[in-house]
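I have placed the structure first, in the form of structure tokens, so that the comments after it can refer back to it.
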Amino acid sequence: MMTTSLFIRAIGVMNIPFTIMIKPWDAGFTNNHAKNLSSTDCETVVSNIRDFLGEVDMKFSTFKSESLVSRARLGNWAPLLEDSEFMEIYARSALAKRITHGSFDAFTTGLYDPTGVAKGWAIEQAFQRFLKPLITNTTTAQNPHNHEDTSEVYSKNPSERTRSLVEAVALNGGGDMQFGISQASQFEWNIGIENPAEPNTILAQYHLQNGAVATSGFSKRGHHIVTTEAFNKEALTQVTVVTGSITDADMWATACLAAGESAAVGMAQSNGFGMLALRPDSRLIEIQQIHQTWDITPGTAQSLPPGNPSPCKSSHARTSVTTTQE
Amino acid sequence: MRHRRTNAHVARRKILGIVFSILIAVSAAIDFLVLFFKPTAETPLATSSASATAAESSSRSGSGTATSSDSASSSSSSTSSSSSSSSSSTSSSKYADGTYTGALVQTNRGDVQVRITVSGGKITNVTAITYPNETSQSQTISAQVIPTFQSEAVKSQNADIQLVSGATETYTGFKGSLQDAINQTMSGSSTSSTQGQS
């Protein structure tokens, strides 16, 4: 019932399906407080996101021959000097390689392919620029005297500070997502982790308010991952990473998949992200995120939300690795 | 034996540290001379604004055999590959020889900076200097971080999940996917009310 008034739009850019979700305030809340975005406003947000992702694609596509990445692959690295975003992605790829001790490598195939960084970065940028303002900025609806600057009017009145335009927003780009809620909200995004063996079923559910979830696997479009004999014993079928930033989550998910089970567990523990990994024998490995949060919304996270009171009902054995060291 | 090796290690590390800090000092100095290259903004007038930092050396000849520490090497750069591509690309050889240092990219996992060497008017080397942040923290994720496990088929009619995370799928494969089904179901029952809100 909570989610009946979600605004949902799916768009295809970079040959990736993007789903944009905007959750307005419930009606009662709306009447008393802030005015919701109109559907026209939502469509504007959608087209802004579409335009932005299109620009990213023009620069970073490995399929478009005129993209900056394609030019670099042919040996023309001039974009490094000409395009700040191209340089940023190059830099981030290099950092990712360092942080993951080589498990993430934009040059795995010998050719520059920053897709693993560029995609997460694009989702995060689009989220920060076009969706996050909807849950952080407040509305002017209550302030008829104050409509001089409609774009930037985010009332200084403390009592109105938490009345953001909408309650919650999410951007899912081909299974990798960034999402968030208003400070005044208790809304939880219910996120299903797809079962690669049966894509219409899920392995598990996360209930999250703010953060990012990314999944890498061998099931669909292959990430450029090199496998070796020794690796096969450690191989994971799919890895889901839960953390605050989708750029990070995407990077870690790819790195964990490439690194194999024990290295992945180590990465999760030492870097403090949550992980859910699926082994070829259908066993699940779960690493809980180390809580280093500094923005905990009071009154959340103690209880399982209603609706799915059936933990461990699955045929998947659950190996839970807690982060307390032995 | 062990000991000596460790000592050697320490010494080497020290030297590396010194060399490294000198490099940083030098690159900072270069920054002031060269200024930061202004990236996207200069695209339309790439040639003219680039000349602020470039002392005209349009040698397209010298095929830079690049020694690159970070694999970005330029060999025979195929300029003019596609006629449609916007003018800016051909200006690749207009850069003055020297080292260009990019703006510091700050991430919550540390900082990184790209250094580009141009010689003979061509990019011959790209190095990324990384400063990983050892004590990086994961950001806020409020609410239930521990997953609940379930493997039954999801009835999207329940709308009890809104988002599906899975290995990347293509847009062409999206139709009929779980997320697609959820989108259909939820927007089907909601379109009117969303519009009514306006």
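In what follows, chains carry the letters A, B, and so on, assigned in the order in which the sequence lines appear, proteins first and then strands, with residues in each chain numbered from 1. Values below: every heavy atom of this structure, side chains too, minus hydrogens, waters and symmetry copies.
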Item checked: Polar side-chain atom of B:Ser165 near backbone of A:Asp176 as donor-acceptor pair, under 3.5 Å -> no
Check: Looking at CD1 of B:Ile123 and CG of A:Asn76, how far apart are the two atoms once the value is rounded to the nearest 0.5 Å?
Finding: 7.0 Å
Check: When rounded to the nearest 0.5 angstrom, what distance separates CG in A:Leu95 from CD in B:Gln113?
Finding: 12.0 Å
Check: Under a 4.5 Å heavy-atom cut-off, does chain A meet the side chain of B:Asp180, its backbone, both or neither?
Finding: neither
Margin query: Is A:Ala96 in contact with chain B via its backbone, its side chain, both, or neither, using a 4.5 Å heavy-atom distance?
Written below: neither
Checklist line | Beyond-backbone contact of B:Phe174 with A:Thr19, side-chain heavy atoms, under 4.5 angstrom | finding: yes
Check: Would a 4.5 Å heavy-atom cut-off, applied to side chains only, mark B:Val112 and A:Arg98 as touching?
Finding: no
Margin query: Do A:Met87 and B:Tyr100 have side chains that approach each other closer than 4.5 Å (heavy atoms only, starting at C-beta)?
Written below: no
Notebook entry, point to check: Considering only heavy atoms, which portion of B:Val164 lies under 4.5 Å from any heavy atom of chain A: side chain, backbone, both, or neither?
Noted result: both
Notebook entry, point to check: Can you say whether A:Leu276 sits under 4.5 Å from chain B via the side chain, the backbone, both, or neither, judging by heavy atoms?
Noted result: side chain
Checklist line | Minimum side-chain heavy-atom gap A:Leu81-B:Ile116 below 4.5 Å | finding: yes
Notebook entry, point to check: How many angstroms lie between CZ in A:Phe187 and CD in B:Gln162, if you round to the nearest 0.5 Å?
Noted result: 4.5 Å
Notebook entry, point to check: So how far is it from B:Ile161 CD1 to A:Ile202 CD1, rounded to the nearest 0.5 Å?
Noted result: 4.5 Å
